[in-house]
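Contents: one structure, followed by commentary.
Numbered from 1 within each chain, the chains take letters A, B, ... in sequence-line order. Below, each value reflects all heavy atoms present in this structure, side chains not excepted, and no hydrogens, waters or symmetry copies. Keep in mind that what you see is a predicted model, and the values were worked out from it rather than measured.
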There are 2 protein chains.
Amino acid sequence: MADINLKVRAAGFADRPGSATPGPGDAREPSWDIIELLFFAYRDFVGDPDVVLSKLAFGRAHHRVLHFVNRNPGIKVADLLGILNITKQSLGRVLKQLIDEGYVLQKEGAQDRRQRLLYVTAKGEALASKLASLQTQRITRALAELGPGAHEAARRFLIAMIDAENRDDVVRLIARGDHVRKQRA
Amino acid sequence: MADINLKVRAAGFADRPGSATPGPGDAREPSWDIIELLFFAYRDFVGDPDVVLSKLAFGRAHHRVLHFVNRNPGIKVADLLGILNITKQSLGRVLKQLIDEGYVLQKEGAQDRRQRLLYVTAKGEALASKLASLQTQRITRALAELGPGAHEAARRFLIAMIDAENRDDVVRLIARGDHVRKQRA
DNA sequence: AATTTATGTCAGCCATATTGACATATTCTC
DNA sequence: GAGAATATGTCAATATGGCTGACATAAATT
């Protein structure tokens with residue numbers, strides 16, 4: 001789906017300037033490898049679901065919403081906004097489409113009736129699962145190619161890459177998603 | 001820059017349905033952890049440069065172009081399009097701005113005078129370095145928190161996540177960038 | 001001379017994000 | 001109970017960064 005032409009003939013091609021001893025603390029050589037690998041890996045990772053989504057006239061925004069509602073049944077709109085880091089106006093349009101087409105529904109909060117708690121429908125869960133399965137295939141294949149410790153290593157690397165302030169929240173969010181009884185309304 | 005509220009009171013909270021023995025080959029439990037960690041890690045990773053970019057009225061599109069031109073001095077427009085996976089019309093607008101504001105310049109190809117080879121100016125290299133240093137700080141901090149093998153483990157994981165067909169090209173692209181003599185025109 | 005290639009550009013469209021203002025219902029607080 | 005704060009929704013305008021299609025130019029290739 002995306003091939004890369006590498007016919008770049010660099011005008012000069014001498015040896016590396018200096019081997020750049022990474023002095024502790026101060027400015028280091030940029031981590032070009034990880035920077036670029038993250039770019040390409042993420043590009044392919046989010047590319048898988050795009051094919052399915054485009055058939056439904058949905059985009060990545062819909063995927064993100066559907067994903068987190070599926071993983072966090074009963075999530076409040078405000079919390080979803082916090083996770084996605086977008087404004088309610090942006091969420092509004094996308095969410096409305098998902099609701100209108102029967103992938104997501106809202107229920108009035110039991111304790112607080114101002115809240116509109118979000119749930120996936122059966123249809124929504126089916127789509128979310130389909131998309132997750134595509135991404136899981138890629139992950140499973142990747143981890144299978146590497147050693148047995150690869151899953152844990154990847155986990156720890158990715159967690160360490162998250163803003164320190166958010167890290168605990170994210171880990172808890174993931175853990176809670178794993179324990180929530182899947183329930184649609 | 002983006003905190004997450006986790007006040008989601010899931011309506012139900014019983015134990016996990018089944019421990020899901022991952023039978024080889026067939027449909028597995030989704031890799032929720034890696035899926036979500038990739039989302040959050042990437043969000044924070046690209047978030048760092050955004051702050052700097054927005055002051056210059058640039059976006060992520062400018063960052064990507066500047067990054068790959070900086071890393072691949074003398075790159076052809078066509079190759080840049082292949083790497084970014086966008087159309088020339090999309091590139092056009094962004095590239096024009098970078099050129100107009102003196103971050104990038106074009107030179108006619110020596111062998112093939114149809115080509116417009118792209119180079120960063122000193123100003124462009126300074127900005128690219130600044131952005132890369134922000135991302136490098138995050139990566140360096142993350143890897144320092146983990147063991148000594150963490151860099152190699154992250155590398156291998158990310159490479160394995162890339163489409164198999166592109167993998168070799170990407171690895172070569174990164175390696176070549178590391179050896180090219182940095183030269184501005 | 002004719003074709004192909006590399007690039008640029010015009011025009012219009014779409015998706016997704018933003019800000020700001022305002023509306024409504026509900027809950028909380030004094 | 002009145003007033004403030006909260007959760008959500010909505011209207012309007014705007015920006016960014018993608019897209020397609022059509023067309024133009026110059027240079028290389030055949």
Side-chain angles (χ1 to χ4, degrees), chain A residues 1-2 5 7-9 43 46-47 49-51 53-66 69 74-101 104-118, chain B residues 1-2 5 7-9 43 46-47 49-51 53-67 69 74-100 104-118:
Chain A
M1 181 213 315
N5 300 315
K7 307 290 163 40
V8 189
R9 319 182 192 99
R43 165 134 113 19
V46 297
D50 283 352
V51 182
L53 289 163
S54 67
K55 290 176 190 157
L56 302 167
F58 286 155
R60 281 179 201 170
H62 302 87
H63 184 194
R64 291 193 290 267
V65 171
L66 184 65
V69 172
I75 192 173
K76 288 188 297 181
V77 169
D79 289 338
L80 191 52
L81 292 176
I83 288 172
L84 298 177
N85 217 8
I86 57 176
T87 59
K88 62 182 171 180
Q89 295 89 332
S90 298
L91 176 62
R93 212 174 346 112
V94 167
L95 184 55
K96 188 173 191 311
Q97 290 174 274
L98 287 170
I99 291 170
D100 287 349
E101 301 190 32
V104 170
L105 57 79
Q106 295 176 305
K107 270 179 33 177
E108 209 172 51
Q111 298 90 355
D112 187 336
R113 288 171 37 230
R114 290 171 302 183
Q115 299 173 349
R116 296 298 135 85
L117 308 184
L118 302 173
Chain B
M1 184 216 310
N5 301 313
K7 306 292 164 37
V8 188
R9 318 179 192 102
R43 165 135 114 16
V46 296
D50 283 353
V51 182
L53 289 163
S54 67
K55 291 175 190 156
L56 302 168
F58 286 155
R60 283 179 198 170
H62 302 87
H63 184 194
R64 290 193 290 268
V65 171
L66 183 64
H67 171 93
V69 172
I75 192 173
K76 288 187 298 179
V77 169
D79 289 339
L80 190 51
L81 292 177
I83 288 172
L84 299 176
N85 216 9
I86 57 175
T87 60
K88 62 181 171 180
Q89 295 90 333
S90 298
L91 176 61
R93 215 169 345 117
V94 168
L95 184 56
K96 188 172 192 314
Q97 288 174 276
L98 287 170
I99 291 170
D100 287 350
V104 170
L105 56 81
Q106 296 176 303
K107 269 181 26 177
E108 211 172 51
Q111 299 88 359
D112 187 334
R113 286 173 39 232
R114 291 170 303 181
Q115 299 174 350
R116 296 298 135 86
L117 308 185
L118 302 173

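Across residues 57-67 of chain B, not one residue has a non-hydrogen atom less than 4.0 Å from an atom of DNA chain C.
The aromatic rings of B:His63 and B:His67 sit perpendicular to each other, their planes meeting at more than 60°, with 30° as the lower class boundary.
With sequence neighbours left out, A:Arg114 forms a side chain to side chain donor-acceptor pair (under 3.5 Å) with A:Asp112.
When rounded to the nearest whole Å, the span between CG of B:Leu81 and P of D:dG17 equals 16 Å. Residue B:Gln97 contributes atom CD, which lies 13 Å from atom P of D:dA15 at whole-angstrom precision. Protein atom CD of B:Gln111 is 10 Å distant from nucleotide atom P of D:dA28, rounded to whole Å. Spacing between atom CZ of B:Arg93 and atom P of D:dT20 amounts to 14 Å, rounded to whole angstrom units. If you take NZ of B:Lys107 and C1' of C:dA6, they are 18 Å apart, rounded to a whole angstrom.
One distance of note links CG of B:Leu98 with CG of B:Leu105; it measures 11.5 Å at 0.5 Å rounding. One distance of note links CG of B:Asp50 with CZ of B:Arg43; it measures 11.0 Å at 0.5 Å rounding. From B:Leu118, atom CG reaches atom CG of B:Leu95 across 5.5 Å, with rounding to the nearest 0.5 Å. In this structure, CZ in B:Arg116 is found 5.5 Å from CD in B:Glu108, a value given to the nearest 0.5 Å. The CG atom of A:Asp79 lies 11.0 Å from the CG atom of A:Leu84; values are rounded to the nearest 0.5 Å.
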(request) Produce a footprint string for nucleotides 7-13 of chain D: one letter per nucleotide, 5' end first; B if the base is under 4.0 Å from any protein heavy atom, S if only the sugar-phosphate is, - if neither. (result) SBBBB--
(message) One pair to check against side-chain contact (heavy atoms from CB on, under 4.5 Å): B:Ile86 and B:Leu81. What are the steps and the verdict?
(response) CA-CA 6 Å; B:Ile86 57 175; B:Leu81 292 177; 4.3 Å; yes
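Here B:Ser90 reaches the OP1 or OP2 of D:dC19: one of its side-chain N or O atoms lies under 4.0 Å away.
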